[in-house]
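Small disclaimer: the values here were computed from a predicted structure and weren't measured. Labels below follow one simple rule: chain letters A, B, ... track the order of the sequence lines, proteins then strands, and each chain is numbered from 1.
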Number of protein chains: 2
Amino acid sequence: MASKITAPTIDDVARQAGVSISTVSRVLNRTVPVSDEIVAKVQAAMRDLRYTPRAAARTLATARTNTLGLVLAELVGDFFSPLLHGIESVAVQNGYDLLISTAGRRGPHNQLPHSFDKHNADGLLIFAGCLNDDGVRDIHSLGVPMVLLHQMPPDNLPIPCVTIENKAATRALVEHLIVRHQRTRILLLTGEPGNEDGYWREMGYREALERYNLPTRAELIAPGHFDRRIAQATMERILRERISFDAVFTGDDEAAVGVYAALRAASLRIPEDVAVVGFDDQSLAQVLQPALTTVHVPIKQVGIQATHSLIQLLQGKQPEALTLLPTTMILRSSCGC
Amino acid sequence: MASKITAPTIDDVARQAGVSISTVSRVLNRTVPVSDEIVAKVQAAMRDLRYTPRAAARTLATARTNTLGLVLAELVGDFFSPLLHGIESVAVQNGYDLLISTAGRRGPHNQLPHSFDKHNADGLLIFAGCLNDDGVRDIHSLGVPMVLLHQMPPDNLPIPCVTIENKAATRALVEHLIVRHQRTRILLLTGEPGNEDGYWREMGYREALERYNLPTRAELIAPGHFDRRIAQATMERILRERISFDAVFTGDDEAAVGVYAALRAASLRIPEDVAVVGFDDQSLAQVLQPALTTVHVPIKQVGIQATHSLIQLLQGKQPEALTLLPTTMILRSSCGC
DNA sequence: GTATATTATGAAAGCGGTTTCAGAAACCGC
DNA sequence: GCGGTTTCTGAAACCGCTTTCATAATATAC
C-alpha cells in the first residue's frame, strides 16, 4: 500500500539484479570489466527501477563534484549571455555541471559568494570585478583550481587568465579615426577605475594620439563606465561645457547608446558632426542608427577557452598561463565609412 | 614537512576544540542549544582551521542539496539576463545555489538534460521550450518539485506555473493601432508553433480584429518566430509579393529588429507608411529608431515569482497554481504616437 | 535530602556511493 | 591433473556530515 517514497539506491538495484553493490558500481562506472551477462542484468534492473545514482554520495566518495563554479559580478549586459553560452557548452561536453553565483554589486570583494565556500565545485571561473587581489590570493592559497576572466592574477601568481586584445584594437580604431576620417579632437569615455579592459583601451587611445603627435587633452577624457546612462550624462555635461570634439571613442557599445542619445538631443549628426565608435560588437551595434563602428570581441570564445583551461587544470595538465583572444575592427557607418 | 593536503573536516575541528563532532555539528547548524563557552571554542577552532563543511556530506546526510536547478532552452536573447538575475536574487536570499543547464536547441525534449537526473537539485525551474508534455509528466511522476515558466502544465497537473499576460496586452496594442492610428491591414508575425506566448498573442490579435469587425486575412499572418532573421526574411517575402499592409505586430521586439531592417531596405517609413509594434520591451526597444512601441514584460519578476513558488513548494507549502504577471503597453513613436 | 524533570554533550548508526582487498572460478601450460 | 595466473565478483571499509539515543550533569519539586 505504502507507495515507495524513497528513490531507489544502489542496494535496490543490486538486490533486484542478484549481485553485489560493488558490481553495480562497476557497471555504472565501467572501471573494471564485468561479464556481459551481468552487465545486462544490472542494466535491466536499473531501467526497471529508474535508478539514478545520487550525486552527493558519489561526490563524498570520490571527492569530485563534477561541477564548475562560475562567479560573476552581476547578471546584466548583453555580452553575458554569449559568455555563459560558451562556458556551458564546454562544461556539458566534459560532463560538468555549472553552478552560478554573483558576487554582489558593489565592487570587487575579497570573499567568494557564500555558497561557494569551495566544496561545491571542482574549480572556479572568476570574472573580472568579482574578486579583488586579496580575494584571488586567498582562494588560490587554499588550492582551489581557478581561472580568471578579463582580469590578470596579482603577484604573477600562476593562475590561468583568459582575456581579449584591447590595446592594439583600440589603437587601430582610433588611428582609423585620425587617418581615414581626419579627426583630431577625439573624446575618450573611460571604463570604471580598476577595470582592466578599460585600462588597456585607454592605453591604446593614448598610443594612437601619440603616434600622430596629437595632444592628449585632459578635458577629452571622461567617465563612461561602460554604462549607457553614465555615458549619456557625461556627454551632456561635455556639450554643456562646449568642449569641442569631432569624434568619440565610447569605451564600449553600451556607452555608445548613451552617446547617441545625447548627440541626437543636441541635434548633432553622426558621423558628419561627430564620429562615434564603440567596443564589443554587441548585438545592438547593428541596430543603432547609424550602425556602430566597433571592435568585435569573441566573448563566447572567451567562455569556451576559459572553461577548457579550467578543465585542463582539473586534469592536472598545465593550461596556457595567458590566453589573449584576438579582436577585430568592424567598420560600419558611425565613423564615417 | 608534508603540507596539509586535505582540507579540514569536522573531526579536525572537534579535536582542536576538544569536543565531539556532534557538538561541532550543532554549533554549525544551531539546531539545539550549546553552551556559550563551547560555542566560542568551536568557532575559534573553525576559524583557525579555515574549516568549511563539505556540501556533499551534508547533502548525503540530510537528503537536501540546497540547490535549485534551472533548465533553459538556450542561452540566447536579451530577456534571459534579467530572468536569471531575478532567479538568482531569490535563490541566494533563501540560501540556495543555482545550477544551470540547457536543454539543447532542437525543440522541447522529453528528457531533462543529462546532468539533472534529479539528485542534483531540490527542485527545478523549467522554462518553456525545454520539456514537452511527456517530459513534464515524467519528471512530475518522479515526485520532483518543479515550477514551469511560460508554459502550462499538461493534463491540469498540479504544477505551479508562472507566466505573463499576453492576450489582453496584445489585444490592447492592436486595438490601439486600429483606433488611434486608423490601421486596418495589420500584419501579424507569429511565434514558433507550440510557443504559448505566441499562441496567446495571436489570440489577442484575432480578438482585436474581431472586435472592430476587421477581417482576419490569412496572408497577413506569417512566421516571425521571435527571431530577427526569420522576421526579416518573412517581411522581405511579403514586400516582394506586394501584399498590402499598414502596420505590423512583430510578435516580439527581437523580430521587430528584422522588420525595421526590411522596411528600411524597402524605403518605407516607420510609422508614416507602416506602424510597427513589438512585445517584451527589451532594452533594444529604446535604441531602435524610431523608438519601438511595445509591451513591457516584467521578466525579472517572472524569475522572482517562480523561484518563490519553487521554494514554497520545497517548504511543503502550496504556492499559487498559476501566476499571471501583468504586462503594460509602452507607447513610443513606432506606432505613430 | 532524595526523586524527578531538564538540560548539554558524546557515541554510534546511518546517508549512498567508491574502492581496496581477498576469494572463487575459469583458464593456462606442463 | 595440478600449481599458477588471470578474471570476475563480493565483503567491508571509508568519504564527512546529521541525527537518534543514551548518559552525565544540572536544575527543580517535594
Side-chain angles (χ1 to χ4, degrees), chain A residues 4-43 45-46 49-67 95 97 115 117-122, chain B residues 4-43 45-46 49-67 95 97 115 117-122:
Chain A
K4 191 190 310 174
I5 302 264
T6 78
T9 73
I10 199 171
D11 293 278
D12 300 321
V13 176
R15 200 170 314 116
Q16 165 122 357
V19 300
S20 75
I21 62 166
S22 327
T23 301
V24 176
S25 173
R26 287 194 267 260
V27 347
L28 223 40
N29 301 299
R30 328 207 126 286
T31 167
V32 142
V34 177
S35 69
D36 294 353
E37 179 197 9
I38 291 203
V39 168
K41 272 200 301 188
V42 171
Q43 285 178 338
M46 298 199 298
L49 269 35
R50 312 193 66 181
Y51 167 74
T52 319
R54 225 71 100 236
R58 264 181 151 152
T59 295
L60 188 55
T62 60
R64 297 193 56 212
T65 63
N66 286 306
T67 298
D97 288 346
S115 60
D117 285 341
K118 147 166 222 188
H119 301 291
N120 282 322
D122 293 341
Chain B
K4 192 190 306 172
I5 302 265
T6 78
T9 74
I10 198 171
D11 293 278
D12 299 323
V13 176
R15 199 170 317 118
Q16 165 121 359
V19 300
S20 74
I21 62 167
S22 329
T23 301
V24 176
S25 172
R26 286 194 268 260
V27 345
L28 222 39
N29 302 298
R30 332 206 122 284
T31 167
V32 142
V34 177
S35 69
D36 294 353
E37 178 198 9
I38 292 203
V39 167
K41 270 199 301 186
V42 171
Q43 286 179 335
M46 299 200 296
L49 268 35
R50 312 194 66 181
Y51 168 74
T52 318
R54 226 71 101 235
R58 262 182 152 150
T59 294
L60 189 55
T62 59
R64 296 193 58 212
T65 64
N66 287 306
T67 298
D97 287 346
S115 60
D117 286 341
K118 144 167 226 189
H119 301 291
N120 283 321
D122 293 341

Inset, instruction - Give DNA chain C the dot-bracket treatment, 5' to 3': Watson-Crick (N1-N3 with N6-O4 or O6-N4) or G-U (N1-O2, O6-N3) under 3.5 Å, [ ] crossing, | other strand. - result: ||||||||||||||||||||||||||||||

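- At the phosphate of D/dG10, OP1 or OP2 sits under 4.0 Å from a side-chain N or O atom of A/Thr23.
- If you find the closest nucleotide of DNA chain C to B/Ala57 and to B/Ser22, the one lying nearer the 5' end belongs to B/Ser22.
- The separation between B/Arg58 atom CZ and C/dG14 atom C1' is 17 Å, rounded to whole Å.
- A/Asp12 places its CG atom 13 Å from the C1' atom of C/dC15, with the value rounded to the nearest Å.
- Among the candidates B/Asp97, B/Asp122, B/Thr59, the single residue satisfying the side chain to side chain donor-acceptor pair (under 3.5 Å) test with B/Thr65 is B/Asp122.
- Rounded to the nearest 0.5 angstrom, A/Arg58 CZ and A/Ile10 CD1 are separated by 8.5 Å.
- B/Arg54 has a side-chain polar atom (N or O) that falls below the 4.0 Å cut-off from OP1 or OP2 of D/dG16.
- Proximity note for A/Ile21 (side chain, C-beta onward) versus D/dG16, C/dT18, D/dT18: the nearest is C/dT18.
- Backbone-only contact: A/Thr62 has heavy atoms under 4.0 Å from sugar-phosphate atoms and none from a base.
- Residues of residues 24-38 of chain A that place a heavy atom closer than 4.0 Å to DNA chain C, in numerical order, are A/Ser25, A/Arg26, A/Asn29.
- Atom OG1 of B/Thr52 and atom CE of B/Met46 lie 9.5 Å apart (nearest 0.5 Å).
- Nearest to the side-chain atoms of B/Ser20 among the listed nucleotides C/dT19, C/dG17, C/dA11 stands C/dA11.
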